[in-house]
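Each remark here refers to the structure printed beneath this line.
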Amino acid sequence: LRDLRLANVRRLAQQLDPDPDHAEHTAQLAGQLFDRSGSLHGLTGTERELLVAASIVHNVGLFISHSSHHKHSYYVIRNSEQLTGFTEHEIELIALIARYHRKSHPSEKHAAFAALSKSDQRLVGLLAGMLRLSIGLDRRHAGVVQTMRITVVDRVMSIEPLARDDADLDLEIYSARERSHLLASALDVNIHIAAPSSSSAPSSPVANLESS
């Protein structure tokens, strides 16, 4: 069932997202971020699957218009008939996580978000925060950041993005910092995104969408 659901999510992205490779790489980074911050959030593979799905389809609203495309993504995902295997509730969560990948943070001023239970509201904020930061780490849509190292000490989560060949990550680091506030709030931590040391570059990609 999980394979079916992932295949259907990818099919929707391939049809509607002008750059599905960026979405796929974002999903890999989001999966790593989820796995390596488990000591803070304590979530399971069920929630991870929702994050990966939302990451893959977060830009399908571009099919309608670039302006407010995060809102269009919510509409497309929520009304798609292709996401076979997900429950209606799961589709709603995926759509809301994608909706909050940019612009305003989740708010009870938004009817769909306000309709969620408090626990689901917290989940959407947390996973949307992970998605936002992961999008920042692929700012150039070039897959430059391959993986990341995460440490947590005294409510400070340090993220060290890693790339091959000593690539310049200044833009990715800046963008990730700009997009880190929602996740920091959801986890109640300070987030520090550090430039990698020259000896930290990975020799090969290490993540896939199922685990890292």
Side-chain angles (χ1 to χ4, degrees), residues 1-2 5-6 8-9 12 23 26-27 29-61 68-80 83-137 150 152-159 176-193 209 211:
L1 181 60
R2 180 170 295 179
R5 299 199 293 195
L6 184 58
N8 288 336
V9 166
L12 182 62
T26 296
L29 295 174
Q32 291 182 38
L33 182 55
F34 182 98
D35 295 338
R36 296 169 193 179
S37 60
S39 63
L40 292 172
H41 59 69
L43 299 176
T44 69
T46 300
E47 292 86 7
R48 188 186 195 278
E49 186 181 10
L50 297 177
L51 172 61
V52 167
S55 300
I56 293 173
V57 294
H58 75 272
N59 269 341
V60 294
S68 297
H69 71 267
H70 54 298
K71 299 179 182 179
H72 299 317
S73 289
Y74 171 83
Y75 177 84
V76 170
I77 296 164
R78 192 68 188 85
N79 293 281
S80 175
L83 299 182
T84 305
F86 291 100
T87 67
E88 284 294 309
H89 180 60
E90 288 171 332
I91 292 172
E92 176 70 9
L93 293 177
I94 291 167
L96 282 169
I97 295 163
R99 183 254 187 269
Y100 291 115
H101 82 267
R102 65 192 291 268
K103 298 292 186 178
S104 61
H105 287 190
S107 169
E108 292 202 9
K109 294 179 181 179
H110 306 147
F113 182 77
L116 296 177
S117 67
K118 293 300 181 182
S119 61
D120 280 341
Q121 287 181 355
R122 288 192 292 271
L123 179 63
V124 167
L126 174 58
L127 298 185
M130 291 185 182
L131 175 55
R132 284 184 182 226
L133 196 153
S134 300
I135 291 169
L137 291 175
I150 295 179
V152 180
V153 179
D154 295 332
R155 308 306 298 177
V156 176
M157 182 166 73
S158 298
I159 302 174
R177 286 172 177 166
E178 290 292 297
R179 291 171 172 267
S180 67
H181 306 294
L182 177 57
L183 181 60
S185 176
L187 290 175
D188 189 25
V189 297
N190 292 316
I191 294 179
H192 174 64
I193 302 175
L209 297 187
S211 63

Legend entry - side-chain contact (heavy atoms from CB on, under 4.5 Å) against Ser119, all qualifying residues, sequence neighbours excluded: Ser117, Arg122
Inset, instruction - Mind checking side-chain contact (heavy atoms from CB on, under 4.5 Å) for Ala112 and listing every partner two or more places apart, or none if nothing turns up? - result: Tyr74, Glu92, Leu96
Rounded at 0.5 Å granularity, tell me how far [atom1] in [X] sits from [atom2] in [Y].
X      : Y      : atom1 : atom2 : result
Leu123 : Leu116 : CG    : CG    : 9.0 Å
Asn59  : Ile135 : CG    : CD1   : 6.5 Å
Ser104 : His70  : OG    : NE2   : 5.5 Å
Ile193 : Ile159 : CD1   : CD1   : 5.0 Å
Leu33  : Arg48  : CG    : CZ    : 10.5 Å
Asp120 : Leu93  : CG    : CG    : 5.0 Å

Legend entry - Minimum side-chain heavy-atom gap Glu88-Arg78 below 4.5 Å: yes
Inset, instruction - Please examine the side chains of Val52 and Phe34, heavy atoms only from C-beta on, and report whether any two atoms are closer than 4.5 Å. - result: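 They are not in side-chain contact.
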Report, one line per pair, each donor and acceptor closer than 3.5 Å where one atom sits in a side chain of residues 178-191; sequence neighbours left out.
from, atom 1, to, atom 2, distance (Å)
Arg179, NH1, His101, O, 3.3
Ser180, OG, Arg177, O, 2.9

Legend entry - Nearest heavy-atom neighbours spanning Leu29 and Ser134: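 Closest approach of Leu29 to Ser134: C-OG, 3.7 Å.
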Legend entry - Least distance between heavy atoms, Gly61 atom then Ser73 atom: N-OG, 2.8 Å
Does the [X] side chain pair with the main chain of [Y], one donor and one acceptor, at a distance under 3.5 Å?
X      : Y      : result
Thr87  : Glu90  : yes
His192 : Val156 : no
Arg132 : Arg102 : yes
Ser55  : Ala27  : no

Legend entry - Residues which pass ring-ring contact (aromatic ring centres under 6.0 Å, His included) with Tyr100, listed by chain and number, not counting sequence neighbours: His110, Phe113
Legend entry - His72: ring-ring contact (aromatic ring centres under 6.0 Å, His included) partners, not counting sequence neighbours: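 Once residues adjacent in sequence are excluded, His72 has no partner under the ring-ring contact (aromatic ring centres under 6.0 Å, His included) criterion.
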Inset, instruction - Before giving the answer on side chain to side chain contact (heavy atoms under 4.5 Å, CB included), spell out for Glu108 and Gln121 the whole-Å C-alpha distance, their side-chain angles and the decisive distance to 0.1 Å. - result: CA-CA 9 Å; Glu108 292 202 9; Gln121 287 181 355; 3.2 Å; yes
Inset, instruction - Evaluate the side chain to side chain contact (heavy atoms under 4.5 Å, CB included) criterion for residues Leu127 and Leu131: first the C-alpha distance (whole Å), next the side-chain angles of each, then the deciding distance (0.1 Å), finally the verdict. - result: CA-CA 6 Å; Leu127 298 185; Leu131 175 55; over 6 Å; no
Inset, instruction - Return the set of residues passing salt bridge (charged side-chain N to carboxylate O under 4.0 Å, His left out) with Glu49 (not counting sequence neighbours), or none when no residue passes. - result: Arg2, Arg5
Inset, instruction - Can you sort out the partners of Lys109 under salt bridge (charged side-chain N to carboxylate O under 4.0 Å, His left out), two or more places apart, ordered by chain and number? - result: none
Legend entry - Steps toward side chain to side chain contact (heavy atoms under 4.5 Å, CB included) verdict (Leu51, Leu43): CA-CA 11 Å; Leu51 172 61; Leu43 299 176; over 6 Å; no
Legend entry - Identified side chain to side chain contact (heavy atoms under 4.5 Å, CB included) partner of Val57 from the options Ile77, Val76, Asn8: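 When Ile77, Val76, Asn8 are each tested with Val57, the side chain to side chain contact (heavy atoms under 4.5 Å, CB included) holds only for Ile77.
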Legend entry - Residue list, side chain to side chain donor-acceptor pair (under 3.5 Å) with Thr44, at least two apart or on another chain: Glu47
